[in-house]
Amino acid sequence: MSETPPPASLLRVIANARPDLTTAIEHVLHLPHLCPVTLNPAPGSTLTLRYEAGPGLLELFSLDAYIDAFIGHPVVRDMEFFVQTAAQDAANLLGCPVTAHADVTFNRLRQGQRVTVTAQPQPADG
């Protein structure tokens with residue numbers, strides 16, 4: 001039985017064609033049902049990743065694969081931890097601060113949740 005790679009290993013960076021220009025990037029990801037039991041988050045939930053572009057940019061297709069890797073993953077039992085993880089993984093890969101903002105609605109609850117996290121890049125474990 002093969003082990004599933006960690007979601008962060010799916011994220012990729014592409015070269016910024018104009019790193020000399022100040023460029024604010026905002027990826028708005030529409031979240032799928034991450035929990036196969038509760039079908040949460042509910043449709044319409046989003047995760048937004050914001051950063052100022054440096055030499056690299058988050059690659060769009062890898063972002064979709066990254067989010068899909070959390071379907072049924074233990075991290076999604078806690079949306080706060082999911083948002084913290086996404087912010088930190090992106091900051092570590094890009095080498096710059098990343099702000100993650102989630103607007104989440106839930107099935108079987110009469111409430112939503114907004115979570116905002118700013119992560120600084122951390123050195124890789126040596």
Side-chain angles (χ1 to χ4, degrees):
M1 182 175 190
S2 66
E3 222 175 278
T4 304
S9 70
L10 300 172
L11 282 175
R12 301 283 180 260
V13 172
I14 60 172
N16 180 358
R18 294 295 308 265
D20 56 312
L21 298 177
T22 300
T23 306
I25 304 293
E26 191 169 276
H27 299 278
V28 180
L29 300 131
H30 298 272
L31 295 175
H33 298 302
L34 298 174
C35 177
V37 175
T38 64
L39 299 180
N40 281 314
S45 297
T46 59
L47 173 69
T48 302
L49 299 175
R50 294 184 190 106
Y51 58 96
E52 188 169 311
L57 309 167
L58 289 175
E59 195 271 329
L60 299 177
F61 295 101
S62 76
L63 275 171
D64 274 355
Y66 173 76
I67 295 301
D68 287 347
F70 285 98
I71 295 173
H73 194 281
V75 166
V76 301
R77 294 192 52 78
D78 179 340
M79 288 307 296
E80 298 88 350
F81 186 47
F82 167 71
V83 178
Q84 291 168 339
T85 300
Q88 193 64 67
D89 287 347
N92 290 348
L93 185 65
L94 290 166
C96 69
V98 172
T99 298
H101 176 83
D103 277 308
V104 182
T105 56
F106 298 96
N107 291 306
R108 300 190 303 243
L109 291 173
R110 294 182 313 272
Q111 61 182 293
Q113 184 179 42
R114 289 191 178 121
V115 180
T116 302
V117 176
T118 300
Q120 302 295 325
Q122 295 176 335
D125 293 334

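Atom set for the values below is all heavy atoms of this structure, side chains included, hydrogens, waters and symmetry mates excluded. These numbers come from a predicted model, not from an experiment. We're numbering straight along the sequence, starting at 1.
Residues passing the salt bridge (charged side-chain N to carboxylate O under 4.0 Å, His left out) test with R18 are D20, sequence neighbours excluded. In this structure P32 satisfies the side chain to side chain contact (heavy atoms under 4.5 Å, CB included) test together with L34, I67, D68, I71, sequence neighbours excluded. Remark: R108 engages no residue in a salt bridge (charged side-chain N to carboxylate O under 4.0 Å, His left out) (not counting sequence neighbours). In terms of the side chain to side chain donor-acceptor pair (under 3.5 Å) criterion, H33 has no residue partners (sequence neighbours excluded). Here N92 pairs with Q88 under the side chain to side chain donor-acceptor pair (under 3.5 Å) rule; sequence neighbours left out.
Taking each heavy atom of S9 and P6 in turn, the nearest pair found is OG-O, 2.7 Å. Taking all atoms of both residues into account, the shortest heavy-atom contact from Q84 to V117 is CG-CG2, 3.7 Å. Across all non-hydrogen atoms, the minimal contact from Q120 to A91 is C-CB, 4.0 Å.
In this structure, CZ in F61 is found 14.0 Å from CZ in R12, a value given to the nearest 0.5 Å.
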Can you give me every donor-acceptor pair (side chain of residues 94-106, partner residue at least two apart or in another chain, under 3.5 Å) with its distance?
from : atom 1 : to   : atom 2 : distance (Å)
T99  : OG1    : T118 : OG1    : 2.9
H101 : ND1    : T116 : OG1    : 2.5
H101 : NE2    : D103 : OD2    : 3.3
D103 : OD1    : R114 : NE     : 2.7

Please list, one pair per line, the donor and acceptor atoms closer than 3.5 Å that link side chains of residues 22-30 to other protein atoms, with sequence neighbours excluded.
from : atom 1 : to  : atom 2 : distance (Å)
T23  : OG1    : L21 : O      : 3.1
E26  : OE1    : R50 : NE     : 2.5
H27  : NE2    : Y51 : OH     : 3.2

For this session: Would you check, one step at a time, whether the test side-chain contact (heavy atoms from CB on, under 4.5 Å) holds for T85 with H73?
Result: CA-CA 12 Å; T85 300; H73 194 281; over 6 Å; no
For this session: Check the pair F70, L47 against side-chain contact (heavy atoms from CB on, under 4.5 Å), reporting the backbone distance first and the verdict last.
Result: CA-CA 13 Å; F70 285 98; L47 173 69; over 6 Å; no
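Counting only residues at least two apart or in different chains, salt bridge (Lys or Arg N to Asp or Glu O under 4.0 Å) contacts with residues 79-101 are absent. For residues 36-46, no residue pair satisfies the salt bridge (Lys or Arg N to Asp or Glu O under 4.0 Å) rule, not counting sequence neighbours. Listed by first and then second residue, the salt bridge (Lys or Arg N to Asp or Glu O under 4.0 Å) pairs that reach into residues 28-37 come to none, sequence neighbours excluded.
Residues Q113 and V83 have side chains not in contact (no heavy-atom distance under 4.5 Å, counting atoms from C-beta outward).
Note: the hydrophobic cluster containing L58 does not contain L60 (ILVMFWY, side chain heavy atoms under 4.5 Å, direct or indirect links). L10 and L93 are assigned to two separate hydrophobic clusters, defined by single-linkage of ILVMFWY side chains at heavy-atom distances under 4.5 Å.
Side-chain atoms of N16 do not come within 3.5 Å of backbone N or O of L57 as any donor-acceptor pair. Here the side chain of N40 pairs a donor or acceptor atom with the backbone of N107 at under 3.5 angstrom.
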